[in-house]
Amino acid sequence: MSVSSLTDTRWRSNFRRRLRAWYKRQARDLPWRRSREPYQVWISEIMLQQTQVSTVRPYFQRFIRSFPNIASLAAADEQDVLRHWEGLGYYRRARQLHRAAQQVVAEFGGQLPREPDRLRTLPGIGPYTAGAILSIAFDAREPILEANTTRLLARLLAYRGDVGSAAGQRTLWALAAALLPRKDVGRFNQALMELGSLVCKPRAPACNACPVRTWCGSAAHGLQDQIPKAARKTAYEEIREAAVIIRRRGRVLLRRCGPDERWSGLWDFPRVPLSAGDPAALAGELTRKVHRLTGVIAAEHRHLKTIKHGVTRFRITLECFEAAYVENAASQPHISPQKWLWPKQLPSYPLNSTGRKLAGLVAGHPPPAGQAARGQRTNPRRRAYAP
DNA sequence: AAAGCGGGGCC
DNA sequence: GGCCCAGCTTT
């Protein structure tokens, strides 16, 4: 199959027929396929950005139950929306989705617009998502291009260039557009993705089970393992950080991540970068950095565990500590909100994944009785100051 | 054009 | 341990 054969009408209709027949038999029963309501299509497409189907499945159901329509999402608390996103990653999606719902209410009368240009003005909706919503929900004749179809179409074309380059994107979008049927466009687009996901897989594609192998340039030459060309360079950076559970009379200190840091909008235990100094200086470094971050002085650090995790281009070794509150000695007001929370309150705050793990430790290990008593002496109970 | 943004599945 | 995922936005 080559770009020049795009003008061959008969070829394209045969391709579409084979693909649809396959999809009719093999389509998975996914929650978001049970409704073509624009709102539900929208939610699913945002959740599915860079996120696998199996991961999204339970999130979608809970989200729709809690926010059944655009108006209820627009009226919700951002924290509540984030809580439904907890664990899904790319939390900017949730904040943008929330803002977009408010924009739809304010500017579009509460209905998703059917015009591509207006749909694209909503935060979080780019070329793919707009095409997906318009074709699936409104049966508009709009192409899509994402991970599955990029691989599928590149293999069909035996495209040897970089599929991520501007030229590669132009070529593949053009093919996606040229293949579109006149009607039932959404089902066709989903069939392309499904084929890419179930058959035309990244490794060991099941070419023998492929309904469109006849037209595949890669299968014809045995190139399916080399196309698309892998252009990924990981280049991780190893860093060390520390997170501290600071206990104060039964409660623990949480802070909300600011707009310019990771996990913006989510809550986390106080977390600081750790220099690779000698272990003896660790306690002092922790006390100093946590104080600078939170205004709170904590001591008697006890190491709990080490968690390794990755985010974007960092491999993080996270040293988790427990510490006792000494005093609040903030030299300046802190922009990011922070709160002392009872362990039972933690589940109602949106946390990042390591924060969630530490929250589990808090619940499982209540503070020793002696520590609470010591905290009480150094910090006698008093009335809260009126603001 | 490249970087930032998460977390889990899978080999 | 590295690759991958129904991408979008900012620099």
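Protein chains get the first letters and strands the later ones, always in sequence-line order, with residue 1 at the start of each. The figures that follow rest on heavy atoms only: side chains count, while hydrogens, waters and symmetry mates do not.
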Quick one: [X] [atom1] to [N] [atom2], roughly how many Å, whole number?
X      : N     : atom1 : atom2 : answer
A:E194 : C:dC5 : CD    : P     : 15 Å
A:Y128 : C:dC5 : OH    : C1'   : 12 Å
A:I46  : C:dG7 : CD1   : P     : 11 Å
A:L198 : C:dC5 : CG    : P     : 14 Å
A:R187 : C:dA6 : CZ    : C1'   : 17 Å
A:Y59  : C:dA6 : OH    : P     : 16 Å
A:D225 : C:dC4 : CG    : C1'   : 16 Å
A:I125 : C:dG7 : CD1   : P     : 14 Å

Atom [atom1], compared across [N] and [M]: separation rounded to whole Å:
N     : M     : atom1 : answer
B:dG8 : C:dC8 : P     : 23 Å
B:dG6 : C:dC3 : C1'   : 15 Å
B:dC5 : C:dC4 : C1'   : 16 Å

Exercise. With respect to the phosphate group of C:dC8, does any side-chain polar atom (N or O) of A:T129 fall under 4.0 Å of OP1 or OP2?
Worked result: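 A:T129 to C:dC8 OP1/OP2: side-chain N or O found under 4.0 Å.
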Problem set entry | Option passing side chain to side chain contact (heavy atoms under 4.5 Å, CB included) with A:L180 (candidates A:R141, A:R16, A:E142) |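 Of the listed residues A:R141, A:R16, A:E142, the side chain to side chain contact (heavy atoms under 4.5 Å, CB included) partner of A:L180 is A:R141.
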For this session: Just do the side chain to side chain contact (heavy atoms under 4.5 Å, CB included) check on A:E261 and A:S336 with the steps written out, would you?
Result: CA-CA 11 Å; A:E261 44 186 328; A:S336 282; 4.0 Å; yes
Exercise. From A:S44 OG over to A:F63 CZ, what is the distance, rounded to the nearest 0.5 angstrom?
Worked result: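 If we round to the nearest 0.5 Å, A:S44:OG and A:F63:CZ are 11.5 Å apart.
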For this session: Quick one: pull up CD in A:E78 and CG in A:L97 and give me the separation to the nearest 0.5 Å.
Result: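 It is 11.0 Å, given to the nearest 0.5 Å.
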Exercise. Does A:L30 or A:Q96 map to a spot on DNA chain C nearer the 5' end, using the closest nucleotide for each?
Worked result: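 Looking at the nearest nucleotide for each, A:L30 comes out on the 5' side.
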Exercise. When you match A:L145 and A:P202 each to their closest nucleotide on DNA chain C, which lands nearer the 5' end?
Worked result: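 Going by which nucleotide is closer to the 5' end, it is A:P202.
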Seminar exercise, completed: Protein-proximity profile, nucleotides 2-11 of chain B, B/S/- by nucleotide at the 4.0 Å heavy-atom cutoff, equals --BBBSB--S
Problem set entry | Ion pair A:E241/A:R262, N-O distance below 4.0 Å |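 Salt bridge flag = yes for A:R262 with A:E241.
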Exercise. Can A:D117 and A:R120 be counted as an ion pair, charged N to O under 4.0 angstrom?
Worked result: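 No.
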Problem set entry | Sugar-phosphate only, base, or nothing, as touched by A:A132 at under 4.0 Å among non-hydrogen atoms |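 Since no nucleic acid heavy atom lies under 4.0 Å of A:A132, the category is nothing.
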For this session: Answer with base, sugar-phosphate or nothing: what part of the nucleic acid does A:W85 contact at a heavy-atom distance below 4.0 Å?
Result: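 It contacts nothing in the nucleic acid.
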Exercise. Should we say atom CZ of A:R182 is surrounded by more than 12 heavy atoms from elsewhere, each under 6.0 Å from it?
Worked result: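 No, because the 6.0 Å sphere around CZ of A:R182 holds 12 heavy atoms or fewer from other groups.
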